[in-house]
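What follows is a short report on a single structure.
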2 protein chains.
Amino acid sequence: MIHDRPTAASQTPHPCGQCQFYEGSVWTPIEPGSVSVLAGRFHRRELEADQVLFEQGDANQGVFCVSRGLIALRTHHADGTSTLLKLAYPGEVIGFRSFLDNGNHKTEARALIPSRVCTVARRDAERVVRASPGVLARLAARCVDEIDRNQARIIATATTSNKERLADTLMELIERHGEVDGEVIRARLPLSRKDLADLIGVPPETLSRLIGRLGKEGFFAFSGREVRIPAEGVRTA
Amino acid sequence: MIHDRPTAASQTPHPCGQCQFYEGSVWTPIEPGSVSVLAGRFHRRELEADQVLFEQGDANQGVFCVSRGLIALRTHHADGTSTLLKLAYPGEVIGFRSFLDNGNHKTEARALIPSRVCTVARRDAERVVRASPGVLARLAARCVDEIDRNQARIIATATTSNKERLADTLMELIERHGEVDGEVIRARLPLSRKDLADLIGVPPETLSRLIGRLGKEGFFAFSGREVRIPAEGVRTA
DNA sequence: CGACAAGTTGAAATCTCTCAATGCCTGTGG
DNA sequence: CCACAGGCATTGAGAGATTTCAACTTGTCG
C-alpha cells in the first residue's frame with residue numbers, strides 16, 4: 001500500500017478534528033492517506049430518545065462513536081426479558097465488538113436521551129485499519145476497557161449485596177448526571193426503573209423495595225427519576 | 001521495516017510449529033522475519049499443580065499460551081476473599097489483557113493441574129506485533145471472545161438461578177473432563193469446592209447445599225470431586 | 001495416629017422472588 | 001374540562017432461596 005505524504009496542498013482535514021473527543025479517539029493518529037477515506041464517508045447521525053441505532057442480530061455496519069447523549073446496549077433473551085449491559089457515554093466507541101469479530105451485533109443499541117453518533121462504515125473502517133494498525137491497537141485498548149468493566153461487574157455481583165450495588169450504581173449515575181443545587185446534589189436518572197433493575201440484576205419489584213430501603217436510610221432521597229444526595233465531596237464531572 | 005523474504009535456506013522453523021494449537025494460534029501467520037524473533041526467545045514452562053504463573057499486580061511479562069493442563073485466573077480482594085474469573089484451557093492465550101494495556105496483571109494465574117505454558121516475552125511480542133499487525137488482530141479477536149464470555153456470565157447471573165447455573169457449569173466441566181464409563185460419564189472436577197463456589201458466585205456452604213439438591217434430583221451423582229451423569233448425548237471433547 | 005484443612009450440616013435471620021392488586025402519570029377522545 | 005385507557009411503578013403477602021455462624025465430619029498429609 002502506498003501512503004499519501006501530507007502536503008500543505010493535498011491535506012484533507014480530519015473529520016473528527018472538531019470533535020470534543022478528538023484526543024483519545026481511536027481514529028487518530030492515522031496515516032495521512034486514510035484521512036480522506038474517513039473524511040469521505042464519515043457520517044454523523046442524530047438520534048431521538050428511544051431511537052434504535054442497531055438491533056441485536058443485525059450485521060455490523062461499522063464503528064460508532066458516541067459524541068452526545070447516552071446510548072444503552074441491551075441484550076434481549078428468548079423469554080422476552082432483557083439485560084442492560086452497558087451505558088455508552090460521549091467519547092465511547094460502540095459496535096467494535098462485532099466489527100472486530102466480523103459478525104452480528106449481540107446487543108441492541110438504543111438512545112436513552114437525544115444523542116449524536118458518528119459512524120464510520122464497515123468497509124471504510126476496514127480500509128483505515130489496514131493502513132493504520134494503530135487504530136487496531138486503540139480498538140484493542142477499548143476491548144481491554146470493556147473486559148475490565150465486565151470483570152468489575154462480575155466481581156461486584158459476586159461480592160456485594162444488591163443494596164450496595166444499587167448504591168454504587170446510583171453514585172456513578174449521580175457523578176455523571178448530577179448537579180449541585182445548594183446543599184444537595186440533584187440528578188435526573190436517564191433510566192427507567194426497569195433499566196435500573198436490569199443493571200443491578202433484579203426484577204423491578206425488588207428494585208423498588210431496594211430504593212425504598214435506601215430512601216429510609218436517609219442518604220439518598222428519591223422522587224420519580226430524580227435522586228438527591230447531600231453535597232459533600234462528590235465530584236460531579 | 002524490512003521484511004525477510006522466506007528462502008529455503010534462511011527459513012527458521014516456527015517455534016509453535018509442533019504445537020497442537022498451531023492452527024488458530026495468535027502467532028501465525030506472521031512475517032517471515034518475525035519467525036526468528038519468536039524462535040529465539042520463545043520459552044516453554046512446566047507448572048506443577050498449584051504453581052503460580054503470575055501474581056495479581058505483577059507487571060506484564062509477556063503473552064502466555066496454555067498448551068497443556070489448566071490455568072485458573074483469580075482476583076484477590078482486599079478482604080481476603082477471591083473470585084475465580086476464568087479457566088484457561090489448552091489453546092487459550094492469557095496475559096494478553098495486561099500486554100495490550102501495558103499495565104499490571106489484574107488477576108493471578110495459577111495452575112490447577114500440572115500444566116505447560118509457552119511464553120513470548122513482552123519485548124519480543126511487541127516486536128512481532130509491530131511487524132505483523134495480523135497478530136494484533138488475532139489478539140483483538142481473543143479479547144472479543146473474552147468479552148462474549150464475560151457478558152454471557154453476566155447475563156447468566158442475572159437470569160438464571162444458582163442451581164441452574166451450577167448445573168450448566170457442571171455440564172461444561174463434564175464436557176471437558178468427562179469420560180464415558182459404561183452407562184455413565186464420569187468426570188473428576190479440577191476444582192475445589194471453594195473454587196466451584198467462586199465460579200457460581202455463592203459461598204461454599206450454599207454450594208454444598210446446591211450440590212446436595214442436585215444430587216437428590218438424580219441426574220448428577222457426586223462423590224468428592226467426582227461427578228457422574230447418565231451417558232446420553234453428551235459430547236465429551 | 002494426630003493435626004489441620006476442606007467440606008458438610010444445622011438453624012435462625014434475612015433477603016428475594018412471584019403474582020396479584022393498587023397507585024400514579026400521561027395523552028387521547030368525548 | 002373531564003374521564004379513562006394504558007403503561008410504568010409501587011406495595012402486599014406468602015413461598016422459597018440464600019446467608020451467616022457455629023458445630024461437626026471427612027479427608028489429607030506428615
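In what follows, chains are A, B, ... by sequence order, proteins preceding strands, each numbered from 1. Remember, predicted model here, so these are calculated numbers, not experimental data.
With distances taken from any side-chain atom of B/E205 to the nucleotides D/dT11, D/dA22, C/dG7, the minimum falls on D/dA22.
Atom pair B/E164:CD and D/dG16:P shows a separation of 17 Å (rounding to whole Å applied). Summarising the geometry, the separation between NZ on A/K216 and P on D/dT10 is reported as 13 Å, rounded to the nearest angstrom. Between B/L214 atom CG and C/dT8 atom C1' there is a gap of 16 Å when expressed in whole angstrom units. Between B/E217 atom CD and D/dA17 atom C1' there is a gap of 14 Å when expressed in whole angstrom units. Atom-to-atom, CG of B/L207 to C1' of D/dT19 comes out at 14 Å; the value is rounded to the nearest Å. What separates CD1 of A/I211 from C1' of D/dC8 is a distance of 13 Å, to the nearest Å. Rounding to whole angstrom units, CG of residue A/L210 and C1' of D/dT11 are separated by 14 Å. What separates CD of A/E226 from P of C/dC24 is a distance of 19 Å, to the nearest Å.
Looking at heavy-atom distances under 4.0 Å, A/S161 makes no contact with the nucleic acid at all. Across all strands shown, A/L196 has no heavy atoms under 4.0 Å from either base or sugar-phosphate atoms. No engagement by B/I200 is indicated, since no non-hydrogen atom pair under 4.0 Å with the nucleic acid exists. Within 4.0 Å (heavy atoms only), B/P204 reaches no atom of the nucleic acid at all. Using a 4.0 Å heavy-atom cutoff across all strands shown, A/K163 reaches no nucleic acid atom at all.
A donor and an acceptor atom, one from each side chain of A/R153 and B/N150, are nowhere located under 3.5 Å apart.
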Practice problem: Check the pair A/N60, A/R97 against side-chain hydrogen bond (donor to acceptor under 3.5 Å, both in side chains), reporting the backbone distance first and the verdict last. | Solution: CA-CA 9 Å; A/N60 173 278; A/R97 203 211 64 83; over 6 Å; no

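Between B/N162 and D/dT18 there is a side-chain N or O to OP1 or OP2 distance below 4.0 Å. Residue A/R213 places no side-chain N or O under 4.0 Å from the OP1 or OP2 atom of D/dT11. Phosphate contact (OP1/OP2 of D/dA9, side-chain N/O of A/S208, threshold under 4.0 Å): absent. Between B/T206 and D/dT19, a side-chain N or O to OP1/OP2 separation shorter than 4.0 Å is present.
The base of C/dT18 sits within donor-acceptor range of the side chain of A/R209, with an N or O pair under 3.5 Å.
The salt bridge (charged side-chain N to carboxylate O under 4.0 Å, His left out) pairs that include a residue from residues 160-173 of chain B are B/K163-B/E217, where partners are two or more places apart or lie in different chains.
Between A/F64 and A/H105, the angle of the ring planes lies from 30° to 60°, which puts this pair in the tilted group.
A cation-pi arrangement is absent between A/R228 and A/F222, since the terminal nitrogen or guanidinium carbon is not both under 6.0 Å from the aromatic centre and inside a 45° cone about the axis.
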